[in-house]
J.: 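A single structure is presented below for examination.
Positions are given from 1 along the sequence.
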Amino acid sequence: MNERMKKIKFVVNPISGTQSKELILNLLDEKIDKARYSWEVVYTERAGHAVEIAAKAAEEKTDIVVAIGGDGTINEIARSLVHTDTALGIIPCGSGNGLARHLHIPMEPKRALEVLNEGCMDVIDYGKINGVDFFCTCGLGFDAFVSLKFAHAGKRGLLTYLEKTLQESLKYEPETYELETENGVSKYKAFLIACGNASQYGNNAYIAPQATLTDGLLDVTILEPFTVLDVPSLAFQLFNKTIDQNSRIKTFRCKQLCIRRTSPGVVHFDGDPMETDANVNIELIQRGLRVVVPQASEKDAANVLQRAQEYMNGIKLMNEAIVDNITDRNKKILKKLTKKV
């Protein structure tokens with residue numbers, strides 16, 4: 001007896017990331033197993049459109065909705081798929097691709113399509129921040145502030161993000177937060193507070209390196225105030241998956257977290273900024289989303305060479321951003337000195 005042909009809906013965000021989506025779409029006829037799958041392609045037309053497309057697909061019992069975009073597109077689609085029988089698939093082509101990287105989904109489109117053909121499924125946790133779903137990370141403090149700046153930047157990509165980070169880091173003032181979990185209440189003066197369902201922001205920047213998507217717990221990372229001298233080690237450890245070993249970092253796990261601050265402000269969920277009240281409530285919901293993932297043997301192989309190359313690329317871009325930032329500052333100083341003369 002033949003297996004029922006499964007339906008896939010590819011949802012394309014034409015403006016996410018930096019690469020052409022048409023090149024990916026041209027691969028579908030070549031790579032997708034026609035004996036197992038039928039498919040259609042839909043383009044998003046506005047912010048929030050992917051939520052509607054995915055909700056309709058789930059109602060129609062579509063087997064897999066595939067995000068061709070970044071973490072923002074993935075978030076919109078996944079919100080409509082939680083607690084349904086429709087699975088999320090990912091062809092990564094965003095600026096950071098945090099969830100895809102955590103799941104070991106290949107960054108190369110041909111190989112990501114092969115993962116779809118294999119049809120291996122897992123069920124992962126997800127979180128909520130003030131009622132809004134997130135699947136990778138959320139947080140407040142400096143990283144939320146930078147996500148707001150990044151959202152209004154004309155360019156995308158890691159270099160733009162690093163530039164915004166370096167430009168704002170010296171001006172940003174840490175805040176004092178009260179944190180309440182099921183284990184009690186504590187206070188921290190913090191530069192940022194990040195909550196990880198997955199281990200990284202994206203681009204292999206591991207803010208919660210011990211996080212897993214199936215343990216039912218949030219991995220909370222608190223970065224306490226630091227000096228300029230701490231920046232090189234923090235940056236290196238962020239990309240080296242060892243930031244939790246830094247003396248300026250505090251970590252813990254919990255199921256629920258209430259963060260109280262002195263006034264309303266910005267938070268981020270999966271890299272997107274959002275204004276909220278002074279109180280921020282975060283919770284972890286177990287086993288809520290079906291996802292298409294590589295087979296276990298492929299995860300174990302882990303594509304060491306690719307990960308090493310991505311790590312080196314991240315360090316290279318970070319160094320370029322630092323040099324550019326220093327150069328710009330030197331130009332400004334030179335201009336001021338010239339005026340005085």
Side-chain angles (χ1 to χ4, degrees), residues 3-13 16-17 19-42 50 54 57-58 62-78 81-82 84-126 135-136 197-200 202-204 212-214 270 287-310:
E3 183 183 357
R4 178 182 70 85
M5 184 172 284
K6 295 182 177 181
K7 295 185 292 183
I8 301 178
K9 182 165 286 189
F10 290 93
V11 181
V12 183
N13 181 348
S16 68
Q19 61 179 294
S20 168
K21 313 304 181 301
E22 296 306 317
L23 293 176
I24 297 171
L25 295 176
N26 290 338
L27 294 170
L28 297 185
D29 193 57
E30 172 192 343
K31 300 300 293 186
I32 294 295
D33 185 348
K34 300 179 184 67
R36 295 183 63 193
Y37 298 113
S38 63
W39 70 87
E40 65 173 315
V41 176
V42 183
T62 302
D63 295 282
I64 305 170
V65 178
V66 178
I68 301 182
D71 286 323
T73 307
I74 291 167
N75 180 284
E76 288 192 6
I77 292 170
L81 302 186
V82 293
T84 74
D85 292 328
T86 301
L88 169 72
I90 303 172
I91 307 296
C93 51
S95 301
N97 302 310
L99 187 60
R101 292 178 193 275
H102 182 103
L103 291 168
H104 303 294
I105 294 172
M107 296 296 107
E108 208 271 311
K110 285 185 179 180
R111 295 184 56 244
L113 287 168
E114 289 169 3
V115 170
L116 283 178
N117 279 337
E118 292 163 1
C120 183
M121 300 284 179
D122 200 357
V123 184
I124 66 170
D125 304 333
Y126 71 102
F135 302 88
C136 201
N197 181 40
S199 58
Q200 61 170 283
N203 288 302
N204 294 323
T212 73
L213 292 166
T214 55
D270 291 341
R287 297 181 61 80
L289 179 68
R290 289 169 56 82
V291 291
V292 182
V293 297
Q295 293 179 356
S297 58
E298 293 182 20
K299 289 182 186 179
D300 293 340
N303 213 332
V304 174
L305 187 60
Q306 178 179 316
R307 287 196 343 204
Q309 184 61 53
E310 288 172 347

J.: Is the shortest side-chain heavy-atom distance between Val292 and Met121 below 4.5 Å?
T.: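 Yes, close enough: below the 4.5 Å cut-off.
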J.: Run Trp39 and Lys34 through side-chain contact (heavy atoms from CB on, under 4.5 Å) and show every step you take.
T.: CA-CA 9 Å; Trp39 70 87; Lys34 300 179 184 67; 4.3 Å; yes
J.: Just by modelled atom types, is the Gly70 backbone N or O under 3.5 Å from a matching donor or acceptor in the Asn13 side chain?
T.: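 No.
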J.: Does this structure show an ion pair linking Asp63 with Arg4, if we count only N-O contacts that are shorter than 4.0 Å?
T.: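 Yes, charged N to carboxylate O under 4.0 Å.
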J.: Given Ile68, which of Val41, Val42, Leu25 fulfils the side chain to side chain contact (heavy atoms under 4.5 Å, CB included) condition?
T.: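 Result for side chain to side chain contact (heavy atoms under 4.5 Å, CB included) with Ile68: Leu25.
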J.: For Asp85, enumerate each residue passing the side-chain contact (heavy atoms from CB on, under 4.5 Å) test, keeping only those at least two apart in sequence or located in another chain.
T.: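 If we apply the side-chain contact (heavy atoms from CB on, under 4.5 Å) test to Asp85, skipping adjacent residues, there are no hits.
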J.: On a heavy-atom basis, which atom in Pro106 and which in Ala112 lie closest, and how many Å separate them?
T.: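 It is O-CB, 3.7 Å.
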J.: Would you name the heavy atoms of Ser95 and Asn203 that are closest together and state the gap between them?
T.: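 Minimum heavy-atom separation between Ser95 and Asn203: O-ND2, 2.9 Å.
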J.: What residue among Leu116, Val291, Ile90 forms side chain to side chain contact (heavy atoms under 4.5 Å, CB included) with Ile105?
T.: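 Result: among Leu116, Val291, Ile90, Ile90 is the only option passing the side chain to side chain contact (heavy atoms under 4.5 Å, CB included) with Ile105.
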J.: Does some side-chain heavy atom of Met107 sit less than 4.5 Å from a side-chain heavy atom of Arg101?
T.: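 Yes, at least one pair of side-chain atoms sits under 4.5 Å.
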J.: Side-chain contact test, heavy atoms from C-beta onward, threshold under 4.5 Å: evaluate it for Asp125 versus Arg287 and give yes or no.
T.: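 A side-chain contact exists here, since the closest heavy-atom pair is under 4.5 Å.
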J.: If we only count heavy atoms from C-beta on, is the Pro109 to Leu23 side-chain gap below 4.5 Å?
T.: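 Answer no - side chains too far apart.
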J.: Below 4.5 Å, heavy atoms only, C-beta onward: do Lys6 and Ile64 meet side chain to side chain?
T.: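 Counting from C-beta outward, Lys6 and Ile64 never come under 4.5 Å.
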J.: With sequence neighbours excluded, what pairs up with Asp270 under the side-chain contact (heavy atoms from CB on, under 4.5 Å) test?
T.: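 Expected list: Asn75, Phe134, Phe135, Cys136.
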J.: Side-chain contact, heavy-atom cut-off 4.5 Å: Ile32 with Asn117?
T.: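 A side-chain contact under 4.5 Å exists here.
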J.: Donor-acceptor pair, distance only, cut-off 3.5 Å: does the side chain of Thr86 make one with the backbone of Thr62?
T.: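 Yes: the side chain of Thr86 pairs with the backbone of Thr62.
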